[in-house]
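Have a look at this one.
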Amino acid sequence: MPKRYTITAALPYTNGPIHIGHLAGVYVPADIYARYLRGQGKDVAFICGSDEHGVAISLKAKKEGKTPQEVIDQYDQLIRTSFKKFGIEFDNYSRTSRAIHHNTAQEIFSDLYQKGIFEEKETEQLFDPEANQFLADRYVTGTCPICQHPEAYGDQCENCGSSLSATELINPQSTISGSQPEMRKTKHWYLPLNQYEAFLKSWILEGHQSDWKPNVYGQVKSWIDNGLQPRAVTRDLDWGIPVPVSDANGKVLYVWFDAPIGYISSTKEWAAEKGKDWEPYWKDKDTQLVHFIGKDNIVFHCIIFPVMLHASGDYILPENVPANEFLNLEGQKISTSKNWAVWLHEYLEAFPDQQDVLRYVLTANAPETKDNDFTWEEFQARNNNELVAIYGNFINRVVVLTHKYYDGVVPSPESLFKEDQLVLDAMKLLPNKIGHAITQYRFREASQLLMQLARIGNKYLADAEPWKQIKTDPVRVTTIMHTALQIAAGLAVLSEPFLPHTAKKLTALLQLEKLQLKWDDVNQKEELIPTDHKIEKAQLLFQKIEDVQMDEQRAKLASSAKQNQSETQIIAPLKPQTTFENFTALDLKVAQIIEAKKVDKTKKLMELKVQLGNEIRTVVSGIAQDFDAAELIGKKVTLLTNLAPRTLKGIESNGMILLGENKQGHFVFVHPEDESVQNGTEIH
RNA sequence: CGCGAGGUAGAGCAGUGGUAGCUCGUCGGGCUCAUAACCCGAAGGUCGCAGGUUCGAGUCCUGCCCUCGCUACCA
């Protein structure tokens with residue numbers, strides 16, 4: 001049994017508000033876990049904070065004409081408020097821009113530096129002279145050296161799928177200023193992950209094969225098996241924590257080096273406020289450290305951060321890293337940039353005081369084992385059929401009957417019948433069952449076990465029929481209602497980790513505040529709510545959600561998707577002037593697609609047969625993500641016929657179909673008269 | 001291409017060698033205390049496909065197909 005728990009939730013990055021995906025993947029499960037343990041009387045530090053460094057924030061500030069400080073202040077405030085309103089009850093929520101964090105991160109860097117852990121390397125990197133900064137690979141575009149696609153990124157060409165290095169691109173261009181980057185030398189410090197393979201193997205691959213989630217374990221194993229590379233932990237940037245070494249002017253700690261240290265500095269800040277010692281929470285072997293994260297963070301929390309902690313010597317390692325998969329929204333990936341999301345602050349405007357509904361839906365449909373989909377239809381169904389119909393209705397029945405028969409006073413029971421004992425026994429099994437599911441990080445299951453208690457209650461009332469018995473055997477009804485009230489009280493206690501706002505309302509409704517009921521009282525106490533105890537008048541815990549409300553939400557999503565499409569586009573820079581001769585050298589002809597088939601084992605490639613006069617040609621085109629084979633057949637397209645043939649995936653492609661590519665990277669055929677094609681759309 | 005996860009009733013999920021299960025939805029019935037809520041019953045599955053191991057396979061092995069993700073700055 002651990003003496004204490006340090007629970008961390010991924011630090012939200014302050015370049016935008018948070019949405020339901022963040023909540024479902026990280027914060028709701030972490031909060032349930034922390035609340036459950038606190039309810040058990042455990043010593044818990046539930047730690048989080050805003051992650052406020054890194055190149056994305058610096059860029060966003062430049063783009064919006066603000067200072068980075070203004071950007072992070074704005075979002076830190078918004079995120080902080082959202083968490084508070086949703087009842088995500090951190091023991092401490094700090095910020096990585098605070099002095100305590102800067103100091104802590106620098107201390108850890110210096111410590112590792114002095115121990116000689118880092119490797120120093122000088123490399124050549126692309127530098128944007130106009131923006132006066134080095135460029136991360138994804139901030140460089142240019143022509144792909146392999147397939148000639150004009151908009152390949154510095155790390156990968158989306159067209160042909162090849163992995164690239166930014167220095168290979170033809171005509172590289174900075175996406176920040178548009179200027180041509182130049183090569184410059186720069187020195188950085190590297191964490192030699194490759195030297196820690198043996199440590200990671202024995203710690204994770206041997207030590208956690210059975211208790212870590214398959215997705216986490218598999219991912220880590222894949223990285224280790226492929227061989228780890230030294231990783232730079234510093235960057236050339238003007239926004240971040242200065243590297244505390246004398247020859248490191250203008251260099252800051254890599255955001256992923258400093259962010260997880262934020263857990264430690266946030267713990268320090270909390271301990272100082274509470275007059276506690278922070279060190280046992282990070283250094284005592286009897287502390288259980290758990291990181292709640294999304295799957296994209298696995299490498300940092302299972303490899304990089306543990307190596308940092310291990311190398312420094314005296315820190316403990318995480319006991320588990322229960323990473324969740326992703327949540328989609330109405331069938332599509334949640335995307336901040338495309339505004340395809342349900343933002344927490346906007347949810348609250350539409351559904352005031354209904355935080356628990358979202359908490360419940362996101363728990364019941366959490367992406368624990370695979371990506372899941374959030375739909376408004378399911379949201380409505382879960383609310384109306386489960387929270388309202390089963391949970392809320394049970395409570396309402398009990399409270400209404402208690403007032404009708406006994407003026408709201410808990411009646412004194414006669415001796416229990418077998419059926420009364422059976423439901424009470426069934427309830428007594430639940431605290432351990434639910435607790436076990438929670439400590440195994442199976443929150444979906446835990447939430448369904450909770451709902452089972454309300455089902456037990458409804459069934460009990462239906463079987464015992466107090467409304468009939470009252471006419472023939474009123475004495476029997478005292479026992480029935482007493483028993484039903486015990487279940488209602490049990491629900492109030494066991495709901496707390498999942499539905500904190502509801503638990504509070506229910507506690508008030510049943511006037512349980514003074515009784516101070518604990519989790520284990522549910523299976524240990526004979527009576528949760530005593531005879532002669534007076535309860536409040538009935539009040540609804542959940543409201544039905546109507547179809548109109550769902551239509552509004554769906555309309556909102558649809559309009560943001562549309563708005564996003566019609567957003568004024570920045571027209572791609574014009575290419576150098578060409579000549580009429582060059583143009584006439586191109587042979588453009590109209591052709592009709594007569595056959596279309598997706599190329600096996602590719603995401604994008606489509607093999608097309610096109611009719612061109614009396615000739616049929618085979619063309620391979622990267623459009624499979626935007627079109628189905630069926631809808632392509634019969635389409636008339638413009639074909640560049642005299643392009644040199646090229647073999648893709650073993651199929652010779654003779655020609656190229658002219659396509660427009662919009663901002664989202666989706667292709668449209670070239671029919672400029674079509675309304676949906678915007679001015680400035682690039683054709684290639 | 002490589003690697004990881006997933007593919008079980010209309011939907012969402014559980015089930016790691018022994019008669020296929022849960023929740024929602026659908027259909028039928030019951031009840032009327034309750035937010036037209038609750039309770040009971042039924043229909044609905046060749047467990048992605050094809051082979052193999054085994055007395056026996058959703059479960060183990062092999063191959064393939066599909067979805068999502070990762071490949072180092074999207075929770």
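Below, chains carry the letters A, B, ... as their sequence lines are ordered, and counting in each starts from 1.
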**Item:** Between C1' of B:rU23 and CE of A:M451, the distance in whole Å
**Value:** 10 Å
**Fill in**
As its Watson-Crick or G-U partner within any shown strand, both distances under 3.5 Å, B:rA57 has none
**Message:** So A:V400, base contact, sugar-phosphate only, or nothing? Heavy-atom distance under 4.0 Å.
**Reply:** sugar-phosphate
**Message:** Any salt bridge linking A:K505 with A:D353? Criterion: basic side-chain nitrogen under 4.0 Å from a carboxylate oxygen.
**Reply:** yes
**Request:** Can you tell me, in whole Å, how much space there is between the P of B:rC13 and that of B:rG6?
**Result:** 13 Å
**Asked** Which of parallel (below 30°), tilted (30 to 60°) and perpendicular (above 60°) describes A:H301 and A:Y263?
**Response** tilted
**Prompt:** Mind checking the C1' distance from B:rA75 to B:rC68? Whole angstroms is fine.
**Reply:** 15 Å
**Message:** Quick check for you: among B:rA75, B:rU35, B:rG4, whose closest atom lies nearest to any side-chain atom of A:L327?
**Reply:** B:rA75
**Prompt:** If you measure from the P atom in B:rU62 to the same atom in B:rC27, how many Å do you get, rounded?
**Reply:** 46 Å
**Any donor-acceptor N/O pair under 3.5 Å between B:rA34 base and A:N393 side chain** = yes
**Request:** Give the nucleotide from the list B:rA5, B:rA34, B:rC68 with an atom nearest to the side chain of A:D371.
**Result:** B:rC68
**Base partner of B:rG63, which must satisfy Watson-Crick or wobble distances under 3.5 Å** = B:rC49
**Request:** Report the distance from atom CG of A:N365 to atom P of B:rG25, rounded to the nearest whole Å.
**Result:** 15 Å
**Request:** List the steps, then state whether side-chain hydrogen bond (donor to acceptor under 3.5 Å, both in side chains) holds for A:Q380 with A:D547.
**Result:** CA-CA 8 Å; A:Q380 185 188 22; A:D547 292 349; 2.7 Å; yes
**Asked** Which nucleotide in the set B:rC70, B:rC33, B:rU23 lies at the smallest distance from any side-chain heavy atom of A:E386?
**Response** B:rU23
**Asked** A:A462 has a side chain; which of B:rG12, B:rC24, B:rC38 sits nearest to it?
**Response** B:rC38
**Request:** Report the distance from atom NZ of A:K213 to atom P of B:rG4, rounded to the nearest whole Å.
**Result:** 18 Å
**Item:** A:R235 side-chain proximity, nearest of B:rU71, B:rC38, B:rC73
**Value:** B:rC73
**Item:** Whole-Å gap separating C1' (B:rC70) and CD1 (A:I298)
**Value:** 9 Å
**Prompt:** Quick one: on RNA chain B, does A:Y254 or A:K459 contact a more 5' nucleotide (nearest heavy atom)?
**Reply:** A:K459
**Request:** From the options B:rU32, B:rG69, B:rC73, select the nucleotide whose nearest atom is closest to the side chain of A:K468.
**Result:** B:rU32
**Complete:** Per atom distances to the A:N458 side chain, the nearest of B:rC38, B:rC24, B:rU35 is B:rC38
**Prompt:** Under the criterion side chain to side chain contact (heavy atoms under 4.5 Å, CB included), which of A:V307, A:I224, A:V220 is the partner of A:C302?
**Reply:** A:V220
**Request:** Please check the phosphate of B:rC24 (OP1 and OP2 only) for any side-chain N or O of A:R455 closer than 4.0 Å.
**Result:** yes
**Asked** Using a cut-off of 4.0 Å on non-hydrogen atoms, how would the nucleic acid contact of A:P214 be classed: base, sugar-phosphate, or nothing?
**Response** sugar-phosphate
**Asked** Base, sugar-phosphate, or nothing for A:G54, non-hydrogen atoms under 4.0 angstrom?
**Response** nothing
**Item:** Same-atom distance (P) from B:rG25 to B:rA11, integer angstrom
**Value:** 15 Å
**Request:** Write down the distance separating the P atoms in B:rU54 and B:rC3, rounded off to the nearest Å.
**Result:** 29 Å
**Item:** Aromatic ring pairing A:F379/A:F374, orientation class (parallel under 30°, perpendicular over 60°, tilted between)
**Value:** tilted
**Message:** Measure CG/A:D296 against P/B:rC3 and give the value in whole Å, please.
**Reply:** 22 Å
**Listed nucleotide nearest any side-chain atom of A:N372, set B:rG12, B:rC38, B:rC31** = B:rG12
**Prompt:** Just how far, in rounded Å, is C1' of B:rU35 from CZ of A:R397?
**Reply:** 12 Å
**Item:** Whole angstrom value for the distance that separates C1' of B:rG69 from CG of A:N324
**Value:** 14 Å
**Request:** Counting heavy atoms from C-beta on, name the nucleotide in B:rA37, B:rC33, B:rC70 closest to the side chain of A:K544.
**Result:** B:rA37
**Asked** Can you tell me how far C1' in B:rG21 sits from the matching atom in B:rA14, rounded to whole Å?
**Response** 7 Å
**Message:** Measuring only the C1' atom in each nucleotide, how far is B:rC49 from B:rA57? A whole number of Å is fine.
**Reply:** 16 Å
**Request:** Could you tell me the separation between the CD1 atom of A:I57 and the P atom of B:rC73, rounded to a whole number of Å?
**Result:** 15 Å
**Message:** In terms of relative ring orientation, are A:F83 and A:F90 parallel, tilted or perpendicular, with 30° and 60° separating the classes?
**Reply:** perpendicular
**Asked** What nucleotide among B:rU35, B:rU23, B:rA75 has an atom nearest to a side-chain atom of A:Q448?
**Response** B:rU23
**Contact nearer the 5' end of RNA chain B, comparing A:W223 with A:F542** = A:F542
**Prompt:** Which part of the nucleic acid, if any, lies within reach of A:R442 when heavy atoms closer than 4.0 Å are counted: base, sugar-phosphate only, or nothing?
**Reply:** nothing
**Asked** If you look at every strand shown and take non-hydrogen atoms under 4.0 Å, does A:G218 touch a base, only sugar-phosphate, or nothing?
**Response** sugar-phosphate
**Request:** Using a heavy-atom cut-off of under 4.0 Å over every strand shown, decide if A:A389 touches base, sugar-phosphate, or nothing.
**Result:** sugar-phosphate
**Request:** Mind checking A:E378 for me? I need base, sugar-phosphate or nothing, with any heavy atom below 4.0 Å counting as a touch.
**Result:** nothing
**Asked** Only one of A:L450, A:L453, A:L541 forms a side chain to side chain contact (heavy atoms under 4.5 Å, CB included) with A:S495, so which one is it?
**Response** A:L450
**Message:** Parallel, tilted or perpendicular, judged at 30° and 60°: which one describes the rings of A:F443 and A:F292?
**Reply:** tilted
**Prompt:** Any side-chain N or O of A:R444 less than 4.0 Å from the OP1 or OP2 oxygen of B:rA14?
**Reply:** yes
**Asked** Under 4.0 Å between a side-chain N/O of A:N215 and OP1 or OP2 of B:rG69, yes or no?
**Response** no
**Asked** On a whole-Å scale, what distance lies between the C1' atoms belonging to B:rA9 and B:rG48?
**Response** 15 Å
